[in-house]
Amino acid sequence: MKATATANANIALVKYWGKRDEKLILPTNSSISMTTDKMTTTTTVEFGKKYKSDIFVLNGKKISGKESKNVQKHLGLIRKICKKKEKARVESTNNFPTAAGLASSASGFAALTLAATHALCVSFDKKHLSIIARQGSGSACRSIFGGFAEWKHGEKSDGTDSYAHQIAPAEYWKEFTMIATVVFAGEKKIKSRAGMKQTVKTSPLYKSWLETAGNDLNSMRKGIFAKNFPIVGKTAESNALKMHATMFTTKPPIIYWSPATIKVIKAVQELRESGTECYFTMDAGPQVKVLCLKKNAKKIQAKLSNLTEVQKTILCAPGSHAKISLEHLF
Ligand code: 2P0
């Protein structure tokens, strides 16, 4: 009744932004991501009669309120699927900033799904794990897989065709590098869930976001298969800017950018103009993730680390799928 799993955060190269079903977490558009090798959540889950209610401890701190509600809801879903009743204790640690736009909910719900199903002695294949993880947090369905993954939006109303699959393993493109810069490690004010809901409802640009998603997905898939870095970088950068344009134009506007964000973007542009190829992507937070090839990574990391606004950089390569670990947290 006890198991531990690790899962890595994934960063979308073509973003998921908007739902067609809030309850089942079904997206309006498909997305493609890279699972990282450095931003890891480790989660231990123990079910048992001794627990009168679900307990959630994150980074050593007992969590209550909305964050713990989503975890409890996910445990409830897994109990229902596995036909079990016992409550659980969940302990989770992130080795990177939580809820700051670094995809901690992706690695968090992927690790929780794998650990909880394993603890209840039910072994699901990756497709089913991905379907379950998706219902905890959409982007978590991609963190079940290593390397590069695509989450198909699916057509069905019950969500059975909305899950991720791997499009290339981590070993396929080891030179591909992502440098996450941390400019503000605090928790963001507008969670992705509320942000995307507001965007779908009020942004006049949302229609063109949806109309152009297919082209971005095609270019990204082709770029990854061909290991064509300029295509992948340019597509990712333009897709991220487009997503933020939809946010800027919601009512009221959602602006995750900070002055530090612009500084990092300008540094990326300067590097590129001086012949060092790199591109940026951003999620629902002020952090900028810089895409480059391994041969240029140290130079770029040094330049970004020199900016006073940058508190930390995390250099990531394509990483592994969610895994069971034998080392429990409690
Ligand atoms: C992504 N993001 O594709 C996009 C890009 C943020 C910007 O998925 O409501 O935490 O739990 O499904 O997965 C973050 O949103 O939202 C996200 P829910 P989630 O990575």
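Atoms within each ligand, like the ligands themselves, are counted from 1 in listed order. When reading the values below, keep in mind they use all heavy atoms of this one structure, side chains included, and skip hydrogens, waters and symmetry mates. Keep in mind the model is a prediction, meaning the values are calculated, not measured. All residue numbers in this chain count up from 1 along the given sequence.
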Flag the pair Phe225 / Tyr172 as yes when their ring centroid distance falls below 6.0 Å, and as no otherwise. no
Can you confirm whether or not the ring centre of Phe109 sits under 6.0 Å from the ring centre of His74? yes
Does the distance from a Lys or Arg side-chain N to an Asp or Glu carboxylate O, for Glu22 and Arg193, drop under 4.0 Å? no
Salt-bridge contact Lys156-Asp21 (side-chain N to carboxylate O under 4.0 Å): no
Under 3.5 Å: N or O atoms of ligand 1 paired with protein N or O:
| residue | atom | partner | partner atom | Å |
| --- | --- | --- | --- | --- |
| ligand 1 | 3 (O) | Tyr16 | N | 2.9 |
| ligand 1 | 3 (O) | Arg142 | NH1 | 3.1 |
| ligand 1 | 3 (O) | Arg142 | NH2 | 3.2 |
| ligand 1 | 9 (O) | Lys19 | NZ | 2.7 |
| ligand 1 | 9 (O) | Arg193 | NE | 2.8 |
| ligand 1 | 10 (O) | Ser105 | OG | 2.8 |
| ligand 1 | 10 (O) | Ser137 | OG | 3.1 |
| ligand 1 | 11 (O) | Ser137 | OG | 2.6 |
| ligand 1 | 11 (O) | Arg193 | NH2 | 2.7 |
| ligand 1 | 12 (O) | Tyr16 | OH | 2.6 |
| ligand 1 | 12 (O) | Gly138 | N | 2.7 |
| ligand 1 | 13 (O) | Ser137 | OG | 3.2 |
| ligand 1 | 13 (O) | Ser139 | N | 3.0 |
| ligand 1 | 13 (O) | Ser139 | OG | 2.7 |
| ligand 1 | 20 (O) | Arg142 | NH2 | 2.8 |

Which pair of non-hydrogen atoms, one from Glu270 and one from Lys303, has the smallest distance, and what is that distance? OE1-NZ, 3.2 Å
Do Arg89 and Glu46 meet the salt-bridge criterion of a basic N to acidic O distance under 4.0 Å? no
